[in-house]
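Here the structure is a predicted model, which is why all the values come from computation and not from measurement.
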There are 2 protein chains.
Amino acid sequence: MAAKGQVRTTQQRRVIMEELCRLKSHPTANEVYEIVRKRLPRISLGTVYRNLEILSERGMIQKLEMAGTQKRFDGITENHYHVRCIMCGCVEDVSSGPIPTINKVLNGVSDYQILWHRLEFVGICPRCREAGTQGITST
Amino acid sequence: MAAKGQVRTTQQRRVIMEELCRLKSHPTANEVYEIVRKRLPRISLGTVYRNLEILSERGMIQKLEMAGTQKRFDGITENHYHVRCIMCGCVEDVSSGPIPTINKVLNGVSDYQILWHRLEFVGICPRCREAGTQGITST
DNA sequence: TTATATGCAAATGATTTGCGTAGTC
DNA sequence: GACTACGCAAATCATTTGCATATAA
């Protein structure tokens, strides 16, 4: 609940934002911490978490709640799907925007009022596919 | 990794299985623990977790890895989608099986080898809709 | 008998929070 | 100067694991 008052532009907030927008990867909070730490060595993990939360609340970044794992963060705020590699765990964008027909599937089938859906693909990334069966390309 | 040896039919394993199949809800590990505890008061949470893991490995139940929250467990093993209510957090089945066209979206768009997808709907359940905006119907 | 399971408690990993100080507006 | 944000460390929450004992086969 950080919905009151003024939001200040701090060094750490700005650097987190910058790094997140520069990256095409979708880092976890801890990865953001490690990256930002190179520029601001005294930043704390708690600050990173707090800022990621605030930035995503304000719609400046996107919080990805993926099944079963840590949250990841995305500098791109447009709604789009993601693919995760089962081998190395990396997450990438899928160029398609929301598939409109998907929500329709639920019409008449369910008595829920559907607000949105979350779709996530699982597969093997080209790097791991090439690397054979034990590719550990961490991203 | 419980893929070796023999799997024994213990009291606790059987009761967990029974309760999970009896319920249409999709309880979390802790909820399973509370439910089973009524019949086996001395069971431990660790045992519940271990058994849920083993049962899902053997395909006897389904582990649902939903975005952002605890895992939930389902006595129904057929592949199907779920809807979650944002108000009360309950999770229910959607009668539709996997939508075949979904994986096709990724063909040609991505260089990933798509294995499967995970689709989850978010909406408001009929109970909460009726109850107005503050319905807290926990399931 | 003998390996697999259990109960208990401590360990882990991700994320959150309280508190006193520092920095932005 | 007032109030938000930070750094640090401790707290939480979900889940896992080590170990000595109990139990199914």
Inset, instruction - Using only side-chain N and O atoms of A:Gln6, determine if any of them is under 4.0 Å from OP1 or OP2 of C:dC25. - result: no
Inset, instruction - Measure from the side-chain heavy atoms of A:Thr10 and tell me the nearest of D:dC8, D:dC6, D:dA2. - result: D:dC6
Inset, instruction - First locate atom CD of B:Glu34, then atom CG of B:Leu45, and finally report the distance between them rounded to the nearest 0.5 Å. - result: 8.0 Å
Inset, instruction - Look at the side-chain N and O atoms of A:Arg8 and state whether any lies under 4.0 Å from the OP1 or OP2 oxygen of D:dC6. - result: no
Inset, instruction - Let me know the distance between CD1 of A:Ile54 and P of D:dC3, rounded to the nearest Å. - result: 18 Å
Legend entry - Polar pair under 3.5 Å, donor/acceptor by atom type, side chain A:Arg13, base C:dG23: no
Inset, instruction - Would you indicate what B:Thr28 reaches in the nucleic acid, counting non-hydrogen atoms under 4.0 angstrom: base, sugar-phosphate, or nothing? - result: nothing
Inset, instruction - Mind calculating the distance between CG (B:Leu40) and P (C:dC8) to the nearest angstrom? - result: 12 Å
Inset, instruction - Please report the shortest heavy-atom distance between A:Ile86 and B:Trp116, naming the atom on each side. - result: CG2-CH2, 4.1 Å
Inset, instruction - Could you tell me whether the phosphate oxygens of C:dG23, OP1 or OP2, come under 4.0 Å of any side-chain nitrogen or oxygen in A:Gln12? - result: no
Inset, instruction - Find which nucleotide of DNA chain C each of A:Leu45 and A:Arg50 is nearest to by heavy atoms, and output the residue with the more 5' nucleotide. - result: A:Leu45
Inset, instruction - Might you confirm whether atom CE of B:Met17 has over 12 heavy atoms from other residues, nucleotides or ligands at distances under 6.0 Å? - result: yes
Legend entry - 5' precedence on DNA chain D between A:Val48 and B:Lys71 (nearest-nucleotide basis): A:Val48
Legend entry - Whole-Å distance separating the CZ atom of A:Arg58 from the C1' atom of D:dA5: 14 Å
Inset, instruction - Specify whether B:His80 and B:His26 have parallel, tilted or perpendicular ring planes, treating 30° as the upper limit for parallel and 60° as the lower limit for perpendicular. - result: tilted
Inset, instruction - Output yes when at least one side-chain N/O atom of A:Asn30 is less than 4.0 Å from OP1 or OP2 of C:dG13, else no. - result: no
Legend entry - Closest nucleotide among D:dC6, D:dC8, C:dT16 to the A:Tyr49 side chain: C:dT16
Legend entry - Distance below 4.0 Å between B:Thr47 side-chain N/O and C:dG7 OP1 or OP2: yes
Inset, instruction - Please say whether more than 12 non-hydrogen atoms of neighbouring residues, nucleotides or ligands are located less than 6.0 Å from CZ in A:Arg39. - result: yes
Legend entry - Residue A:Asn51, side-chain heavy atoms: nucleotide from D:dC6, C:dG7, D:dG7 that is nearest: D:dC6
